Q: 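Here it is: the structure, laid out below.
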Amino acid sequence: MTINPCFATASRHELLFQGLKLVGSAQRRLKRSFLQHGSIPVRLDYRRQGKVLKLDADRLRKTVTCWGDISSSENPVEDLAGALLQVFARYLGLLETTD
């Protein structure tokens with residue numbers, strides 16, 4: 001039986017981009033609280049990550065992506081920060097929606 005590392009596969013509630021896992025997340029639930037952790041990789045060295053996870057880099061490229069691979073910005077960190085800021089501001093009602 002093969003066990004895939006959590007970041008190399010997507011579960012039904014994962015955030016995907018064109019079918020590729022973009023956000024790694026984990027959750028711990030207790031009776032009265034929960035802890036949610038998430039990460040959005042800005043850059044991925046697929047070869048190195050494949051070695052760490054004991055996966056073929058080409059296989060990894062077929063299942064995951066990173067913000068730097070989908071952003072057309074010269075500065076993907078600023079691009080990601082701006083996108084997150086905009087989403088949170090819209091969610092909190094600080095920005096008007098155009099929908």
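Any value given below was found using the heavy atoms of this structure, including those in side chains, with hydrogens, waters and symmetry copies removed. This one's a predicted model, so the numbers in the text were calculated from it and none came from an experiment.
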Q: Output a table of donor-acceptor pairs, distance under 3.5 Å, between side-chain atoms of residues 36-45 and any protein atom two or more places apart or on a different chain; print 'none' if there are none.
A:
| unit_1 | atom_1 | unit_2 | atom_2 | d |
| --- | --- | --- | --- | --- |
| Q36 | OE1 | Q27 | NE2 | 2.7 |
| Q36 | NE2 | A26 | O | 3.4 |
| D45 | OD1 | R47 | N | 3.3 |
| D45 | OD1 | R48 | N | 3.1 |

Q: Please enumerate all residues that pass side-chain contact (heavy atoms from CB on, under 4.5 Å) together with Q18, with sequence neighbours excluded.
A: none
Q: Is there a path of hydrophobic side-chain contacts, each under 4.5 Å between heavy atoms of I/L/V/M/F/W/Y residues, joining V23 to V77?
A: yes
Q: What pairs with L92 under side-chain contact (heavy atoms from CB on, under 4.5 Å), at least two apart in sequence or on another chain?
A: L94
Q: What heavy-atom pair brings G68 and P76 nearest, and what distance separates the two atoms?
A: CA-CB, 4.0 Å
Q: What's the spacing between K62 NZ and L55 CG if we round to 0.5 Å?
A: 12.5 Å
Q: Does A83 have any side-chain contact (heavy atoms from CB on, under 4.5 Å) partners at least two apart in sequence or in another chain, and if so, which?
A: W67
Q: Taking salt bridge (Lys or Arg N to Asp or Glu O under 4.0 Å) as the test, write out the residues that go with E78, two or more places apart.
A: none
Q: Grouping I, L, V, M, F, W and Y whenever their side-chain heavy atoms are under 4.5 Å apart, do L84 and L22 come out in a common cluster?
A: yes
Q: Quick one: closest heavy-atom pair of L20 and R61, and the distance?
A: CD2-O, 3.9 Å
Q: State yes or no: do F88 and L85 share one hydrophobic cluster built from I, L, V, M, F, W and Y residues joined by side-chain heavy-atom distances below 4.5 Å, directly or via other members?
A: no
Q: Identify which one of T63, T65, L16, L15 satisfies the side chain to side chain contact (heavy atoms under 4.5 Å, CB included) criterion when paired with K21.
A: L16
Q: Measuring from atom SG of C66 to atom OH of Y46, what distance do you get when rounded to the nearest 0.5 angstrom?
A: 4.0 Å
Q: Can you name the side-chain hydrogen bond (donor to acceptor under 3.5 Å, both in side chains) partners of S73, sequence neighbours left out?
A: none
